[in-house]
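Heads up, the thing below is written out as structure tokens.
Computed from a predicted structure; not experimentally measured. Residue numbering restarts at 1 for every chain, and letters A, B, ... go by the order of the sequence lines.
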Protein chains: 2
Amino acid sequence: MIDNNIAKHVAEVLKAVAHPARLKIVELLVPGEMNVGDIVRAVSEKQAITSQQLNMMKDKGVLGSRRDGSKVYYHIENKNVIRLLDCIYDHCEQEKGTRR
Amino acid sequence: MIDNNIAKHVAEVLKAVAHPARLKIVELLVPGEMNVGDIVRAVSEKQAITSQQLNMMKDKGVLGSRRDGSKVYYHIENKNVIRLLDCIYDHCEQEKGTRR
DNA sequence: TTGCTATATAGTAATATGCTGATATATCTA
DNA sequence: TAGATATATCAGCATATTACTATATAGCAA
């Protein structure tokens, strides 16, 4: 069976993206980096909460960031979450097609 | 951008498996169904909490169950979580290989 | 320096989650 | 039926998460 520490780590990563707004943020960053202000506008959330979520995902290793002048750009650091999202979105498509 | 309701649903599914013990349960069920008692023994958790987690994942559509006599067998209902796990475990393998 | 924009953080309240011990329910066997 | 086994559920507590407001910090430009 899966090692306990690995299970904990995997659960952390999953929890980091298991939130509607955070899924959207990750989706936004798939094509490339984006600064906080643009992200805030794109997801239509308050600045504070978006900043908190960005920091949270950075803590968990999902995102990374760099500052350029007064702006901070976030990007996907853990590229595997992209594949994760691919799996999930495929899943949604399938569900649509095979709706019970 | 991803639809809001889909985002909520995806987040729910992710949250359902984003827990060390629940990841183990799902892993156990990949080869096929298993009854509650065997699951409890395999994950070395208390009966009550395992039952709660099984029910929770069933609620979220991740698992399904059938009763056979006095035993209840759980199986993976949402097959896409298997692919999800594949992604994640591949990710862990890669991490091991490219440890910074 | 002042003021402006961009981002982060602190404090807090509401809600959700995780776990426990106890109990309830269902099924089987004698 | 009684007793044993299998599973589910309840009540309660501790902790975690979420989201909010307000405030703090960082960089830029005048």
Side-chain angles (χ1 to χ4, degrees), chain A residues 4-5 7-26 28-29 32-77, chain B residues 4-5 7-26 28-29 32-77:
Chain A
N4 219 308
N5 288 321
K8 277 187 197 161
H9 174 242
V10 169
E12 286 255 299
V13 173
L14 286 177
K15 263 205 305 193
V17 298
H19 184 285
R22 293 198 295 266
L23 280 173
K24 289 189 181 180
I25 291 173
V26 171
L28 275 175
L29 298 180
E33 65 176 12
M34 191 178 283
N35 69 60
V36 179
D38 288 345
I39 295 171
V40 169
R41 267 168 247 116
V43 298
S44 313
E45 295 281 349
K46 308 221 162 151
Q47 179 269 327
I49 188 164
T50 301
S51 179
Q52 285 166 357
Q53 289 171 331
L54 288 168
N55 268 281
M56 185 269 227
M57 288 193 278
K58 187 179 171 186
D59 276 350
K60 301 291 170 60
V62 174
L63 303 183
S65 69
R66 72 179 177 89
R67 176 177 281 274
D68 180 12
S70 65
K71 299 192 176 177
V72 176
Y73 291 81
Y74 280 82
H75 62 269
I76 297 178
E77 180 78 37
Chain B
N4 219 307
N5 288 321
K8 276 187 199 162
H9 174 242
V10 169
E12 286 254 298
V13 173
L14 285 177
K15 263 205 303 193
V17 298
H19 184 285
R22 294 198 294 267
L23 280 173
K24 288 190 183 181
I25 291 173
V26 172
L28 274 175
L29 298 180
E33 64 176 12
M34 192 179 284
N35 68 60
V36 179
D38 288 345
I39 295 172
V40 169
R41 267 168 246 117
V43 298
S44 313
E45 296 281 349
K46 305 218 165 153
Q47 180 269 328
I49 187 153
T50 300
S51 179
Q52 286 166 359
Q53 288 171 331
L54 288 169
N55 268 281
M56 185 267 229
M57 288 194 277
K58 187 180 171 185
D59 277 350
K60 301 292 170 59
V62 174
L63 304 184
S65 69
R66 71 178 178 90
R67 176 177 282 274
D68 180 12
S70 65
K71 300 192 177 177
V72 176
Y73 291 81
Y74 281 83
H75 62 269
I76 297 179
E77 181 79 37

Open item on the list: Restricting to non-hydrogen atoms, name the atom on A/V40 and the atom on A/K46 that form the minimum distance, rounded to 0.1 Å.
Closed with: CG1-C, 4.4 Å
Task: Min side-chain heavy-atom separation A/M34-A/I25 under 4.5 Å - done: no
Open item on the list: Would you say B/K46 places a side-chain N or O within less than 4.0 Å of OP1 or OP2 belonging to C/dC19?
Closed with: no
Open item on the list: Angle between the end axes of the helix from C/dT1-D/dA30 to C/dA30-D/dT1, five pairs per end, to the nearest 10 degrees?
Closed with: 10°
Pair up each side-chain donor or acceptor in residues 14-22 of chain A with any protein partner under 3.5 Å, not counting sequence neighbours, and list the distances.
unit_1	atom_1	unit_2	atom_2	d
A/H19	ND1	A/A21	N	3.1
A/R22	NE	A/A16	O	2.6
A/R22	NH2	A/K15	O	3.1

Check the interface with nucleotides 4-8 of chain D: list each N/O to N/O pair with the protein under 3.5 Å, or write none.
unit_1	atom_1	unit_2	atom_2	d
D/dA6	O3'	B/S70	O	3.4
D/dT7	OP1	B/V36	N	3.4
D/dT7	OP1	B/V72	N	3.0
D/dT7	OP2	B/G37	N	2.6
D/dA8	OP1	B/Y74	OH	2.9
D/dA8	OP2	B/S51	OG	3.2
D/dA8	N7	B/Q47	NE2	2.7
D/dA8	N6	B/Q47	OE1	3.1

Determine all donor-acceptor pairs shorter than 3.5 Å in which one atom belongs to a side chain in residues 55-67 of chain A; sequence neighbours excluded.
unit_1	atom_1	unit_2	atom_2	d
A/N55	ND2	A/S51	O	3.0
A/K58	NZ	A/S65	OG	2.8
A/R66	NE	A/E33	OE1	3.0
A/R66	NE	A/E33	OE2	3.3
A/R66	NH2	A/E33	OE2	2.5
A/R67	NH1	A/G69	O	3.2

Task: Candidates B/I49, B/V36, B/V72 - the one meeting side chain to side chain contact (heavy atoms under 4.5 Å, CB included) with B/L54 - done: B/V36
Open item on the list: Holding to side-chain hydrogen bond (donor to acceptor under 3.5 Å, both in side chains), I want the full list of residues that pass it with B/D38, two or more places apart in sequence or in another chain.
Closed with: B/N35, B/R41
Open item on the list: In the structure I gave you, are the side-chain heavy atoms of B/H9 and B/V13 within less than 4.5 Å of one another anywhere?
Closed with: yes
- [ ] Measure across B/A11 and A/L23 and return the closest heavy-atom pair with its distance rounded to 0.1 Å.
- [x] N-CD1, 3.7 Å
Task: Separation of D/dA16 C1' from A/K8 NZ (nearest whole Å) - done: 16 Å
Task: Separation between OH of B/Y74 and CG of B/L29, rounded to the nearest 0.5 Å - done: 10.5 Å
Open item on the list: How many whole angstroms separate atom CD of A/E45 from atom C1' of C/dT7?
Closed with: 17 Å
TODO: For residues A/I39 and A/E45, determine if any side-chain heavy atom of one lies less than 4.5 Å from a side-chain heavy atom of the other.
DONE: no
Pairs: protein N or O with nucleotides 11-18 of chain C N or O, under 3.5 Å:
unit_1	atom_1	unit_2	atom_2	d
C/dT17	OP1	B/K15	NZ	3.3
C/dG18	OP2	B/R22	NH1	3.3

